[in-house]
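The basis for the numbers below is simple: all heavy atoms, side chains too, and nothing from hydrogens, waters or symmetry mates.
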Amino acid sequence: MSRKVITCRDVMNQRFAIVDGLTTVSDALRIMNSNNYKKVIVKKRDEHDEWGQVQLSDIAKHVIAKDRSPDRVNCYEIMAKPVISVRPGMDIKYCARLFNSFGLSSAPVIDNEEVIGVVSYNDIVLSWLDYLDSKHDE
């Protein structure tokens with residue numbers, strides 16, 4: 001019996017916003033806070049550029065800990081770039097291995113050079129649990 005493949009597209013979430021690199025950390029925080037997001041994705045400047053991301057932990061490390069003003073720091077100054085991303089069709093078992101290998105807790109899902117979602121360990125584990133529950137019901 002072959003197991004059903006659960007892909008990143010199956011489990012991804014929409015808990016992110018896409019911002020420009022010149023967005024201030026204050027503005028990014030407002031977006032994150034009002035939507036209960038833990039990250040913003042920083043858009044590419046052109047087709048040769050790469051996606052970036054700013055997580056709450058980046059703000060804590062690079063703005064709060066260094067006593068910098070969030071009104072005077074732009075996202076591009078503290079973002080992680082390039083981000084490690086995943087394909088929508090990737091099996092979540094490989095996504096979980098990738099996260100483990102690189103110490104990630106989430107990654108953008110990119111299809112045709114566009115961010116279509118974000119997948120996190122939480123999304124992977126909860127969908128896997130749903131899958132296991134459905135197997136018990138058979």
Test item: side-chain donor near acceptor, D71 and T24, under 3.5 Å
no
If you measure only the distance, is there a donor-acceptor pair under 3.5 Å linking the side chains of D20 and T23?
no
Heavy-atom pair of closest approach, residues M79 and G52:
SD-CA, 4.1 Å
Which atom names give the shortest non-hydrogen contact between V119 and F99, and what distance separates them?
O-CZ, 3.5 Å
Rounded to the nearest 0.5 Å, what's the gap from [atom1] on [X] to [atom2] on [Y]? Could you check?
X: D10; Y: D123; atom1: CG; atom2: CG; value: 11.5 Å
X: K81; Y: K44; atom1: NZ; atom2: NZ; value: 9.5 Å
X: I59; Y: K61; atom1: CD1; atom2: NZ; value: 11.5 Å

So do S120 and R15 actually touch side chain to side chain, heavy atoms under 4.5 Å?
yes
W51 and I18, any side-chain heavy atoms less than 4.5 Å apart:
yes
Does [X] [atom1] have over 12 foreign heavy atoms under 6.0 Å away?
X: Y121; atom1: OH; answer: yes
X: K38; atom1: NZ; answer: no
X: N112; atom1: CG; answer: no

Could you list the residues that satisfy side-chain hydrogen bond (donor to acceptor under 3.5 Å, both in side chains) with R68, not counting sequence neighbours?
E77
Quick one: side-chain hydrogen bond (donor to acceptor under 3.5 Å, both in side chains) partners of E47, sequence neighbours excluded?
none
